[in-house]
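Here the structure comes first, spelled out in structure tokens, and everything after it is commentary.
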Number of protein chains: 2
Amino acid sequence: MTAGSTADHPDPSDERPATPRPKSKKAQAQQRRTRRTARLTYDDWVDGALNLLSREGVAAIKIPRLCQELGVTKGSFYWHFDDIEQLTTAMADRWSATQSETVRELGAFVGIPVEERIEKMAAMLVDRRHWLVETTVREWSRSNPKVAAAVRTLDQEVFETVHRTMLDLGFDEYQAGLRAGAMVYIGLGLIHGRDNLPTPTTAQVHSVIELLARP
Amino acid sequence: MTAGSTADHPDPSDERPATPRPKSKKAQAQQRRTRRTARLTYDDWVDGALNLLSREGVAAIKIPRLCQELGVTKGSFYWHFDDIEQLTTAMADRWSATQSETVRELGAFVGIPVEERIEKMAAMLVDRRHWLVETTVREWSRSNPKVAAAVRTLDQEVFETVHRTMLDLGFDEYQAGLRAGAMVYIGLGLIHGRDNLPTPTTAQVHSVIELLARP
DNA sequence: ACCTGAACACCGTTCAAGT
DNA sequence: ACCTGAACACCGTTCAAGT
């Protein structure tokens, strides 16, 4: 996947208006609630859409709904975007950037003692906050390739980190890959299956991790 | 108009027309390709929809598309169904009945030696045929509560079977629940995550199961 | 009993016209 | 540069009218 040209006509310079907004304090203040006169920028649309997404879910990402939210007509939307897919792509890009926080958090794991790492991983798995976001985003990823790509990157990053930890614990390549894979797939299973089966307790998660991390 | 109409009211006898079709060989032959004169039954619609689903995916379940497929107009659809949700519900019911095959297959596991059970479970996990169906149905379940319920039942049934196996292997209640949960969540993770991470080999799946099934 | 045909609301998309 | 307003295609739904 080169560059990011989603459409079938390659014109990279046109893909994203590069946000040439002057945006004085006046405009910035007006953005607070009832914006009426201030023109919208590309970023305003993406912000508004992500805002809507988090508040009302993936079903609310409809052009009329968004236009109502921003106080403009549908024609305005199509001045900024080629189609609704470009919007979701932009949303996915923005989300990817934001979510790098989680990746950094994972990267920091490598610096700390292995025992603590296991503790932290167990904590991340049981953290309900994560699940809410993850479920929404992964549902969204089913209908959006860009989001799917971002999720895939995160999954691989998680695997790498866990894999590294297993190697640091003294497992050979095969065993480390095995156990890391099991852990990551358990995590993915938890994200998708927690509604169908009794959610494991922190103690149980901890026990399983110990089981897989012990030689 | 409230007489015998299939409106949105509790009237069990009316809920499902009970398929009172005579359906002679003539009609049955005509159903093959270009049906034109034969009237459609409730079951014809459900069959056609499931057929479409398997051939063209969840996106093809549109009323105009289905009508074109069956050679009738949209009005016909609304004589048989209250809305599109009732169609998908009927499809889910039919699928649930079909899928009981998998459940029976699982039930039969309890009768065989534990070592073989583990073999069979590993085989089911690696069987690509399962994944294709599972992925489609589980994607569908995200937008259809009836399908979601059927999937949940299956998941619980799988957990019960694995749990039983762990108990039969000699684990106590806590350990059996722990290890069964880990296995099932790994399976769910595989269904959803196989595109994001390298798919484990049969040998690897086997190793992990042995790891979790060994005291 | 089963279906047609036309209508309506709603969403995505286009475009000429405005400022 | 950014937006309005009106149009069109498409999908879900309703309903009077046909056989």
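In what follows, every chain begins at residue 1, and chains take the letters A, B, ... in the order their sequences are listed.
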Return the set of residues passing side-chain hydrogen bond (donor to acceptor under 3.5 Å, both in side chains) with [X] (not counting sequence neighbours), or none when no residue passes.
X	answer
B/N51	B/R55
A/E56	A/R65
B/T165	B/R117
A/S207	B/Y174

Which residues satisfy the ring-ring contact (aromatic ring centres under 6.0 Å, His included) test with A/F159, sequence neighbours excluded? A/H163
Set of residues satisfying side chain to side chain contact (heavy atoms under 4.5 Å, CB included) with respect to A/E160, sequence neighbours excluded: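 Partners of A/E160 by the side chain to side chain contact (heavy atoms under 4.5 Å, CB included) criterion come out as none, since no residue qualifies.
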Checking B/P64 now: which residues fulfil side chain to side chain contact (heavy atoms under 4.5 Å, CB included) with it, not counting sequence neighbours?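 Testing B/P64 for side chain to side chain contact (heavy atoms under 4.5 Å, CB included), a comparison that skips the adjacent residues, returns B/K62, B/K74.
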Does the protein touch nucleotides 12-19 of chain C at the base, only the backbone, or not at all? Give it as B, S and - per nucleotide, heavy atoms under 4.0 Å. BBBB----
Secondary structure of DNA chain D in dot-bracket form (Watson-Crick or G-U wobble, distances below 3.5 Å, | marking inter-strand pairs): ||.|||||...|||||.||
Can you tell me how far CG of A/L190 sits from CD1 of B/I186, rounded to the nearest 0.5 angstrom? 10.5 Å
Protein-nucleotide distance ([X], atom [atom1]; [N], atom [atom2]), rounded to Å:
X	N	atom1	atom2	answer
B/W79	C/dA6	CH2	P	22 Å
B/F81	C/dC2	CZ	P	12 Å
A/Q68	C/dC10	CD	C1'	13 Å

Are A/H80 and D/dC3 close enough that a side-chain N or O sits under 4.0 Å from OP1 or OP2?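 Checking D/dC3 against A/H80, a side-chain N or O does come within under 4.0 Å of OP1 or OP2.
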